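Presented below is the structure to which this report refers.
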2 protein chains.
Amino acid sequence: MSVESKSQQAYRFIRERIDDGRYVPGYRLVLAQIAGELDVSVVPVREAIRRLEAEGLVTFQKNVGAQVALIKETEYLHTMQTLALVEGFATSLTAPYLTPEQLGRARAINDEMRRTLEDFEPHRFTELNLEFHAVLFEGCPNPHVLDLVHRGWNRMRVLRDSSFSFVPGRARASVEEHERIVELIEQGADALEIELAARQHRTATLDAVLAYQADHKPASAPAPQAVAT
Amino acid sequence: MSVESKSQQAYRFIRERIDDGRYVPGYRLVLAQIAGELDVSVVPVREAIRRLEAEGLVTFQKNVGAQVALIKETEYLHTMQTLALVEGFATSLTAPYLTPEQLGRARAINDEMRRTLEDFEPHRFTELNLEFHAVLFEGCPNPHVLDLVHRGWNRMRVLRDSSFSFVPGRARASVEEHERIVELIEQGADALEIELAARQHRTATLDAVLAYQADHKPASAPAPQAVAT
DNA sequence: ATATCCGAAATCATATACGATCCCGCGTGG
DNA sequence: CCACGCGGGATCGTATATGATTTCGGATAT
């Protein structure tokens, strides 16, 4: 029972491709084409795209069509700033409820991250970074805040290169901050203290990313409009 | 030119009714009925409802239909908590950009609020309260955060009685806090200080509302499913 | 009296069809 | 050579039609 509705199916189809980068920002989503690939009619696809639009992953222009949202530099900054805010708060909210077992898992993940530093596995590092924070949000008493965190993550994923949390010269500090956050939680530190530590952790990463990009990115502004598959 | 699309029209139609309370939480949104009222087909109405669903104003059940979201007590608390967070941050972000003129307007609104206290005009008070904060968000450099604030306000509006920001015994303190926030901004206070002041301002209101409701609400749990018009 | 099953009504979900709008390239005139 | 307008192709926007699912009331059996 409960066969997934076709609009739901279409939603996941597109979403998946945006998340893993097959549909890069700027990629045009043509209703008829996607409908054809999925072997459904255009109506469910439209619904899916409208939903993605409401989530900010896709922009839609009347009588023209939809494309994966182009996130400008400034918007990236805004999203990260917001993410720092809600992640920090979520961390402080969840802190009192975390069990020693969960904190142990967080530590284990962080140790693993430390290891990937030596072996230089940036992708694994990024992955573990997400896991680490996910553990710290387990059991967050405010699902609404958690929802905002996830929205932020999704938006970040649209431009993967930037969500890439491994920044040379910053990664080690990041691991240390993780350690410190776990310690604060263990000590039952003040909620505000935890919040600000977690917020600063994210903000520092943002600054590092920006500095890194400013150093390494030439003045090229490649036009998207790429083709997938 | 640029005639509003019918799905947009449907969206506004429904949205308006949710906002002003004609469609109370739990009210069933029947596609064909709404389509008939607007004299359009069901397809655009579906889209509108899907969008409202993504925004959290409406819940949708496959093969059953949509209804205005029922917000539970705890969820109300969560939303308010989140709102306190993002409003506080938005206030601190905007603070450095506010001109004396804008601060003057904020003060004027607050003075007006003080006046409504004496004349006992709770509705006007609530209205002005929104205006006051809206002024403080003018020119917020992070539209993303601002978007979250508006989302929060929308959600609040779904259950108007609770968004009613006039609470006996609390209103006066609220006005004083407004004054203090404006002062902090004028003095060019530290961003964090402003943020926490604004956050606390909202949190205190939340507490007051909860305390008030606990005092005054009998153990009745009226079932919605009301009918509009 | 109560539980269960059946069928009709209501409503949703999707496909298909057609008209509307926009974009872009080509031709014409300056 | 450039500006302008026109037409065709691509794509969207919506209406209509039909099949699918759920819901609910009533009949029947225990």
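All values reported here derive from a predicted model rather than from experimental measurement. Letters A, B, ... are given to chains in the order of the sequence lines, protein chains preceding strands, and every chain is numbered from 1. Below, each value reflects all heavy atoms present in this structure, side chains not excepted, and no hydrogens, waters or symmetry copies.
- Here B:R22 pairs with B:E16 in a salt bridge; the nearest charged N to carboxylate O distance falls below 4.0 Å.
- Between A:Q9 atom CD and C:dT14 atom P the separation is 9 Å, expressed in whole Å.
- Distance from the side chain of A:Q61 is smallest for C:dC23 among the nucleotides C:dC23, D:dG13, C:dC12.
- The phosphate of C:dA15 (OP1 or OP2) has a side-chain N or O of A:K6 nearer than 4.0 angstrom.
- Here B:V42 pairs with B:L31, B:A35 under the side-chain contact (heavy atoms from CB on, under 4.5 Å) rule; sequence neighbours left out.
- Between A:Q33 atom CD and D:dC12 atom C1' there is a gap of 15 Å when expressed in whole angstrom units.
- As a whole-Å value, the separation of A:K62 NZ from C:dA20 P is 13 Å.
- Here A:R124 contributes atom CZ and A:T126 contributes atom OG1; the two are 11.0 Å apart, rounded to the nearest 0.5 Å.
- The distance between atom CZ of A:R28 and atom P of C:dC22, rounded to the nearest whole Å, is 14 Å.
- Rounded to whole Å, atom P of C:dA15 lies 14 Å from atom CD1 of A:I34.
- The nearest whole Å value for the distance from the CG atom in B:N63 to the C1' atom in C:dA10 is 12 Å.
- Nearest heavy-atom pair across A:V68 and A:V24 is CB-O, 3.5 Å.
- Salt bridge annotation for A:E53-A:R50: present, with a cationic side-chain nitrogen under 4.0 angstrom from a carboxylate oxygen.
- With distances taken from any side-chain atom of B:V64 to the nucleotides D:dT22, D:dG13, C:dT14, the minimum falls on D:dT22.
- In summary, of the residues considered (A:T91, A:L93, A:V86, A:L85), a side chain to side chain contact (heavy atoms under 4.5 Å, CB included) with A:F89 occurs for A:L93 alone.
- The separation between A:L31 atom CG and C:dA15 atom C1' is 15 Å, rounded to whole Å.
- Contacts of residues 41-58 of chain A with DNA chain C (heavy atom under 4.0 Å): A:S41, A:V43, A:P44.
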